[in-house]
Amino acid sequence: MLGTRLSSWIWYWLRRPALLVASGIWLAYICIGALIIGVDPYDLYPWGKDITVASRHQPFDAARLIRLAAKDKNADTILIGSSPTTMYTPDDIKKAFPGTNKPWNISYHGATAYDREQTLDELVEYSDAKHFIITIDYFYADPRIITRNFPDYMYDDNLTNDLRMINLGSLKASYLTLRYGTPYRDISAMLTKEDGYIASFRNRFQNKNNMAILRDNIENYRGKIAAVGRVNCNEFPMLEPFFSQITALSAKGARVDLIIPAYSPAIYYDWIAAPIQRRLVGRTMLNDQLLMRRCVVEKASQINQVSVSSIDLDEDIVGDLANFRDSGHLDHKDNLMAILSAPEDPDRRITRNNLENYIKKVRNTVLNYQFHNSAFPKIRGRKH
């Protein structure tokens, strides 16, 4: 009798191969999902294996490690940034801020205002770190620039969204965690990937043809670069939640250093001339950028243990295009360390007392900027 029923059951499924395959796929999905959620390689849940990382610096995967970093009870310093700060290793952070022992770099390419809000929410809720270094990029204040490729489903309160974490990347991370205790163990491959990514930008930017185009753009758009755009801080709505989170971190006893990424004065001419960038920032980038910085300094000055720093006035660094991998990203180790260590240098801090002078000098530097690239001292514009 049992044999007859088993034969009938087998025959039932064999006559329905599509249903058999679909059921098999669904069963495999459930098993893989149970494995990933059970192992919890990103420390999202109260259970799971204790996680370690070979490096607290994972520029291409940092967005998946935010809660892991926030829950790290040994972490004393956390850098939160975007592409201008992805290259900093834990040793760089220790060098820039003496006394640091267990730093994280949670910087990832393509960061925007919305995912930065989620990132800081995680740190406010879970982190006991006493020092936060946060880049205050123009894009964090502009709601027109939407999140790209950020795994927000990992950090929201919707449990059904956790199913989106069931993918090959999470499966690989779970396997590595079970076998080695870490979802990321190959530091050399990560560094090679980051170095190659940066080199690709540098090679596209640092060449004679591109420099000739940029030199022309500086002259062509000089009369348009000072156009007036936004006029008050209310036009940067994303700054409000940002500073609420900064206030919350300060209330936990943390020091918060805000760093303005170093741009070449040429970026304002470069971007107004490029259709894609112009659609992002409009035609009034200089005006809007300086207004945003004014708003940031004024808000930061009202919160304990919060500073704002910049190396914009160091013309030996920012005035030479040879120091950049593109007009908005500084390059070379010494220059990069100057940005990171800026909060430790009182001369590079922007306060209410020197704000007006800072704004005036940056504006004049941009308006009067003459093309300069020490790597190509004889470059002429294409029109010449």
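Not measured: the values here are computed from a predicted model. Computed from heavy atoms alone, side chains included, the values below leave out hydrogens, waters and symmetry copies.
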With side chains defined as the heavy atoms from C-beta onward, is the minimum distance between F371 and L321 less than 4.5 Å? yes
Can you see whether Q206 engages N373 through a side-chain donor-acceptor pair at a distance of less than 3.5 angstrom? yes
Are S250 and N304 close enough that a side-chain donor and a side-chain acceptor fall under 3.5 Å? no
Is the backbone of D128 close enough, under 3.5 Å, to the side chain of K73 for a donor and an acceptor to pair up by distance? no
Determine, for K102 against D72, whether the closest basic-nitrogen to carboxylate-oxygen distance falls under 4.0 angstrom. no
Test side chain to side chain contact (heavy atoms under 4.5 Å, CB included) applied to F324 and N335, step by step: CA-CA 9 Å; F324 289 81; N335 297 328; over 6 Å; no
Carboxylate-amine/guanidinium contact R255 D257, below 4.0 Å: yes
Flag, side chain of D76 to backbone of T100, donor-acceptor distance under 3.5 Å: no
Does K193 make a cation-pi contact with F60, if we ask for NZ or CZ under 6.0 Å from the ring centre and within 45° of the axis? yes
Nearest heavy atoms of L286 and I225, plus distance in Å: CB-O, 3.7 Å
Test applied, side chain to side chain donor-acceptor pair (under 3.5 Å); reference residue, Y108; option that passes from D115, D61, T86: D115
Side-chain touch N323/L330, heavy atoms, less than 4.5 angstrom: yes
Can a donor-acceptor pair be found, under 3.5 Å and without considering hydrogens, that links the side chain of N354 to the backbone of N357? no
Would you call R202-D326 a salt bridge at under 4.0 Å N-O? no
Apply salt bridge (charged side-chain N to carboxylate O under 4.0 Å, His left out) to residues R348 and D314 and explain how you reach the verdict. CA-CA 9 Å; R348 286 174 168 163; D314 192 331; 2.7 Å; yes
Which residues satisfy the side-chain hydrogen bond (donor to acceptor under 3.5 Å, both in side chains) test with E219, sequence neighbours excluded? R222
Taking all atoms of both residues into account, what is the closest heavy-atom pair of T365 and P265, and its distance? CG2-CG, 3.8 Å
Could you please spell out the steps behind the side chain to side chain donor-acceptor pair (under 3.5 Å) verdict for N105 and S107? CA-CA 6 Å; N105 183 357; S107 298; 2.5 Å; yes
Will you find, in the side chains of H329 and S83, an N or O donor that is under 3.5 Å from an N or O acceptor? yes
Tell me, do S310 and Y358 make a side-chain contact under 4.5 Å, heavy atoms counted? yes
Are any non-hydrogen side-chain atoms of V297 and T351 less than 4.5 angstrom apart? no
With a 4.5 Å limit on heavy-atom distance, are the side chains of W271 and S327 in contact? yes
Might you work through the side chain to side chain contact (heavy atoms under 4.5 Å, CB included) test for F236 and L291, ending with a clear yes or no? CA-CA 9 Å; F236 297 104; L291 174 61; 3.7 Å; yes
Take the angle between the ring planes of H109 and Y197 and call it parallel below 30°, perpendicular above 60°, tilted in between. tilted
Can you find a pair of side-chain heavy atoms, one from I213 and one from D216, that are under 4.5 Å apart? no
Strictly below 4.0 Å, N to O, side chains only: are K299 and E240 in salt-bridge contact? yes
Is there a donor-acceptor pair under 3.5 Å between the side chain of K130 and the backbone N or O of K252? yes
For V318 and D312, the nearest pair of non-hydrogen atoms, with its separation, is CG2-O, 3.4 Å
List the atom of S55, the atom of Q58, and the distance in Å for their closest heavy-atom pair. O-NE2, 3.5 Å
Going by heavy atoms in the side chains, are L44 and M165 under 4.5 Å from each other? yes
Go through the structure and list residues passing side-chain contact (heavy atoms from CB on, under 4.5 Å) with R352, not counting sequence neighbours. S301, Q302
Quick one: list whatever passes salt bridge (charged side-chain N to carboxylate O under 4.0 Å, His left out) with R325, sequence neighbours left out. none
Indicate yes or no for a side-chain donor-acceptor contact from N167 to the backbone of R164 under 3.5 Å, with no hydrogens or angles considered. yes
Are the side chain of R67 and the backbone of E122 linked by a donor-acceptor contact shorter than 3.5 Å? no
Short question: side chain of H372, backbone of A322 - any donor-acceptor pair under 3.5 Å? no
With side chains defined as the heavy atoms from C-beta onward, is the minimum distance between Y114 and F150 less than 4.5 Å? no
List the steps, then state whether side chain to side chain donor-acceptor pair (under 3.5 Å) holds for D156 with Q118. CA-CA 8 Å; D156 62 21; Q118 287 181 291; 5.9 Å; no
Please say whether more than 12 non-hydrogen atoms of neighbouring residues, nucleotides or ligands are located less than 6.0 Å from CD in E315. no
Pair D331-F205, side chain to side chain contact (heavy atoms under 4.5 Å, CB included): steps then yes or no: CA-CA 12 Å; D331 203 4; F205 184 67; over 6 Å; no
Do the charged groups of D92 and K333 touch, with an N to O distance under 4.0 Å? yes
Is a side-chain donor or acceptor of Y268 paired with a backbone partner of I218 at a separation under 3.5 angstrom? no
Can you name the closest pair of heavy atoms from T177 and P41 and give their distance? OG1-CB, 3.6 Å
Answer yes if the side chains of T284 and N287 hold a donor-acceptor pair under 3.5 Å, and no otherwise. no
N/O donor-acceptor pair under 3.5 Å between S127 side chain and V124 backbone: no
Taking the ring of Y88 and the ring of H57, is the distance between their centroids below 6.0 Å? no
Is there a donor-acceptor pair closer than 3.5 Å between any side-chain N or O of S170 and the backbone N or O of I166? no
Are V39 and L168 grouped together when hydrophobic residues (ILVMFWY) are joined by side-chain heavy atoms under 4.5 angstrom apart? no
Residue N232 excluded, over 12 heavy atoms near CG under 6.0 Å: yes
Closest approach of P90 to P103 (non-hydrogen atoms, all atoms of both residues): O-CG, 3.5 Å
Show your working on side chain to side chain contact (heavy atoms under 4.5 Å, CB included) between L123 and F132 and close with a plain yes or no. CA-CA 10 Å; L123 296 171; F132 295 90; 4.2 Å; yes
